[in-house]
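Throughout, a chain's letter reflects where its sequence line sits, starting with A, and its residues are numbered from 1.
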Protein chains: 2
Amino acid sequence: MAKIRIKKNTTKKEVIIEKAAKLFREKGFGAASMRDLAEVVGVEAASLYNHIQSKSEILQAICFKVANEFISHLEAVERSNDSTLKKMEIIIRFHIKMMLEQYEYVYISDHEWRHLPEPYLSNFLNQRRSYRKRLSDIIEQGIAKNEMKNIEPYVAVLTILSAISGIESWQRSRKTTSAETLEASMVKYLIEGLKK
Amino acid sequence: MAKIRIKKNTTKKEVIIEKAAKLFREKGFGAASMRDLAEVVGVEAASLYNHIQSKSEILQAICFKVANEFISHLEAVERSNDSTLKKMEIIIRFHIKMMLEQYEYVYISDHEWRHLPEPYLSNFLNQRRSYRKRLSDIIEQGIAKNEMKNIEPYVAVLTILSAISGIESWQRSRKTTSAETLEASMVKYLIEGLKK
DNA sequence: ATCGCTATCTAACAGTTGTTAGTTTTGATT
DNA sequence: AATCAAAACTAACAACTGTTAGATAGCGAT
């Protein structure tokens, strides 16, 4: 028996997760209750359990969805023949795009992962560490090839990822700066600071 | 009657807030209970209320302590005669120092302020907005004086503050990079990216 | 119309939450 | 040694937590 599809290609489980993402971002995972979630879904709390197994399953779905998107994008970039600087620019632009288009999901993956239960927590942190290591390998190559200035790669990765994650605060703001200006200026800042 | 001082110049209230800062950082404000806090303080939960008024009073104390330190440092920098670039470097170094030396406090002020009750929440956000505006004014001057490259000041501030806030993740890590290298590299990255 | 299967509902569970009331202990000052 | 306030304790509160059990309603296929 096929899953009920509410609209086009959308299971009720997907609706729940989407509403949960918004709720978890607004109130934090710990402070958002299943009854809060049920209300925005338009159902009683107990009914949610016909579609999901637990509250933390929702968090897992969100965190690993985001992680997987970043990892598979990185794999594509690694396979390309672009310069190291171009690779970093592509990755930075992708991170910014994700932050603009999938704000709620990325925010939760960035800020609420600590509430993942084991063994998902360790798994998530391992993926994260590995991802950052691969970014810092690209920067290390860039320095070796004299395309980038001699900066500690670990710190460069930390700076880049944290800076982009700060777009969260732009999302919450009155947005006197357009998304285009934001992307252009941030890419300029982060790439110029990297360039030899 | 003077407050009881546990060690030198330390009231029990200060001890509670310090322990709370560590706890809130580890578990998040929402997930940390007063009974958790009581345990690390070495007392029953009800006894905490001889020294504090409520759980959220602790959060207020932490958030506004940090905010005040940043604001009064900024005021000193504004009064100085340094170049705009030097001003920004001083501010960046101060933020990094705070992140290294008062990690727990700064982290909570950065990440848990959303749990502040009104009117403290609005008050906090106003101070924050005003602080960032004053930073972007410095950068605007820097661009006008041709000391800095033409970057959208709002985005530059966002980038700088977020990047520094990411030191949080270094704090939690195994620290293969020293604090000195971290500071030197991050300042280099952020200032070079700003310089004309 | 009736079957079978979902999805929803109500009610309840056992545990936890921040906090208060009332009592007892502690420890410095008299 | 007596006093007295500060600070600790025990016990409890009402509200809320994630989750389960069991009954009921909805609905496509027979």
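- A salt bridge between A:Lys13 and A:Glu57 is present, with a side-chain N of the basic residue lying under 4.0 Å from a carboxylate O of the acidic one.
- Inter-residue side-chain proximity for A:Met88 and A:Ile160 is flagged as met; some heavy-atom pair is nearer than 4.5 Å.
- A salt bridge links A:Glu168 with A:Arg172: the closest approach of a Lys/Arg side-chain nitrogen to an acidic carboxylate oxygen falls below 4.0 angstrom.
- Atom CD1 of B:Ile52 and atom P of C:dG18 are 10 Å apart (whole Å).
- Contact check for A:Leu116 versus A:Leu125: no side-chain heavy atoms found under the 4.5 Å cut-off.
- Going from atom CG of B:Leu37 over to atom P of C:dT17 covers 12 Å, rounded to whole Å.
- The shortest side-chain heavy-atom distance between A:Phe24 and A:Ile58 falls under the 4.5 Å cut-off.
- Here the nucleotide nearest the side chain of B:Ala45, chosen from C:dT19, D:dG18, C:dC9, is C:dT19.
- Atom CZ in A:Arg35 sits roughly 12 Å away from atom C1' in C:dT10 (whole-Å rounding).
- Listed here is the closest heavy atom pair of A:Leu158 and A:Arg132: CD1-NH1, 3.7 Å.
- The phosphate of D:dA8 has OP1 or OP2 within less than 4.0 Å of a side-chain N or O from B:His51.
- Regarding B:Glu44, its CD atom lies at a distance of 17 Å from the P atom of D:dA7, rounded to whole Å.
- Following rounding to the nearest Å, B:Tyr49 (OH) and C:dT17 (P) show an atom-to-atom distance of 12 Å.
- Within residues 22-34 of chain A, no residue has any heavy atom closer than 4.0 Å to DNA chain C.
- With rounding to whole Å, A:Glu57 atom CD is found 15 Å from D:dG18 atom P.
- Between the base of D:dA6 and the side chain of B:Asn50 there is no donor-acceptor pair shorter than 3.5 Å.
- Listed nucleotides D:dG18, C:dC9, C:dG18 differ in distance to A:Val43; the shortest reach to its side chain belongs to C:dC9.
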So what's the dot-bracket for DNA chain C: Watson-Crick or G-U pairs under 3.5 Å, [ ] if a pair crosses, | if it pairs off-strand?
||||||||||||||||||||||||||||||
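- Rounded to an integer number of Å, the gap from CD of B:Gln53 to C1' of C:dT19 is 12 Å.
- The cationic atom of A:Lys55 (NZ for Lys, CZ for Arg) does not lie both less than 6.0 Å from the six-membered ring centre of A:Tyr49 and within 45° of the ring axis.
- Rounded to an integer number of Å, the gap from CD of A:Glu39 to C1' of D:dC16 is 15 Å.
- Side-chain N/O atoms of B:Lys12 include none lying less than 4.0 angstrom from OP1 or OP2 on D:dA6.
- Regarding contacts with the backbone of D:dC9, a side-chain N or O of B:Ser47 is found under 4.0 angstrom from either OP1 or OP2.
- A:Glu89 and A:Arg93 are joined by a salt bridge, as a carboxylate oxygen and a charged side-chain nitrogen come within less than 4.0 angstrom of each other.
- The shortest heavy-atom contact between B:Ala45 and B:Arg35 is CB-CG, 3.8 Å.
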